[in-house]
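One structure below.
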Amino acid sequence: MKIKCPAGTFEVPEEFTLREMKTIKNVSGLLPGQIEEALEQGYTGVVTALVVVAANRGGKRITEDMVLDWTLSDIEFLPDEEEQPKGKKKQDPTKA
């Protein structure tokens with residue numbers, strides 16, 4: 001999965017480092033097993049955390065404060081090409 005935001009488009013890691021997990025916990029308050037459900041429910045804390053982690057992993061240093069100034073419509077989750085069913089519209093997990 002990729003995240004498209006005002007800072008660019010970044011790959012969301014399939015596996016997080018311990019430092020990245022600490023960032024996710026500090027920003028969102030979530031434990032690793034809670035991330036998927038929180039995304040499905042559109043929890044903005046995990047959206048913010050994943051943007052920060054994905055951008056930092058991609059070499060773009062952004063902070064939680066920067067992301068908090070964006071709207072949810074500024075952030076789009078893009079499925080991997082092989083995950084995208086042909087003929088189906090992309091779904092944004094932040095939209096309930």
Side-chain angles (χ1 to χ4, degrees):
M1 170 172 42
K2 292 183 180 182
I3 295 178
K4 183 178 178 183
C5 65
T9 301
F10 306 99
E11 189 74 36
V12 176
E14 288 188 29
E15 188 174 3
F16 299 107
T17 65
L18 295 175
R19 183 177 308 279
E20 291 167 340
M21 284 306 311
K22 182 178 179 184
T23 298
I24 293 168
K25 174 76 168 117
N26 289 342
V27 172
S28 70
L30 296 175
L31 298 173
Q34 300 170 311
I35 294 171
E36 189 173 331
E37 183 179 346
L39 263 180
E40 290 171 2
Q41 294 177 0
Y43 174 50
T44 58
V46 74
V47 172
T48 302
L50 289 178
V51 169
V52 170
V53 166
N56 287 336
R57 174 82 70 100
K60 180 83 173 191
R61 299 292 173 216
I62 63 171
T63 65
E64 175 186 3
D65 285 335
M66 293 169 71
V67 177
L68 290 175
D69 288 331
W70 301 339
T71 65
L72 275 179
S73 62
D74 289 333
I75 302 166
E76 183 179 0
F77 285 83
L78 307 171
D80 292 330
E81 294 300 320
E82 61 271 8
E83 290 178 10
Q84 180 69 30
K86 295 197 185 295
K88 296 248 179 168
K89 187 177 177 183
K90 296 177 188 173
Q91 290 190 355
D92 185 342
T94 62
K95 306 289 188 222

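The side-chain heavy atoms of F77 and I75, taken from C-beta on, include a pair separated by under 4.5 Å. Counting only heavy atoms from C-beta outward, the side chains of F10 and V51 never approach each other to under 4.5 Å. Within the 4.5 Å cutoff, the side chain of V52 has no heavy atoms near those of the T63 side chain. Side-chain contact between N56 and R61 is present, with at least one heavy-atom pair separated by less than 4.5 Å.
A donor-acceptor contact shorter than 3.5 Å is absent between the side chain of T9 and the backbone of C5. At distances below 3.5 Å, at least one donor-acceptor pair connects side-chain atoms of Q34 with backbone N or O atoms of L31. Under a 3.5 Å cut-off, the side chain of Y43 and the backbone N or O of E37 do not form any donor-acceptor pair.
Nearest heavy-atom pair across A7 and K60 is O-CE, 4.0 Å. Closest approach of A49 and S28 over heavy atoms only: CB-CB, 4.4 Å. Among all heavy-atom pairs drawn from I35 and M21, the shortest one is CD1-CE, 4.3 Å.
When T23, V27, T48 are each tested for a side chain to side chain contact (heavy atoms under 4.5 Å, CB included) with V53, only one passes: T23.
Between atom CH2 of residue W70 and atom CD1 of residue I62 there is a gap of 4.0 Å, rounded to the nearest 0.5 Å. If you take CD on E14 and CE on M1, they are separated by 9.5 Å, rounding to the nearest 0.5 Å. Distance check: R19 CZ to I24 CD1 gives 13.5 Å after rounding to the nearest 0.5 Å.
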side-chain contact (heavy atoms from CB on, under 4.5 Å) between K22 and L18, worked out: CA-CA 6 Å; K22 182 178 179 184; L18 295 175; over 6 Å; no
Is there a side-chain hydrogen bond (donor to acceptor under 3.5 Å, both in side chains) between D74 and T71? Walk through the geometry before answering. CA-CA 5 Å; D74 289 333; T71 65; 3.3 Å; yes
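Between E11 and R57 no salt bridge is recorded (no basic side-chain N to carboxylate O distance below 4.0 Å).
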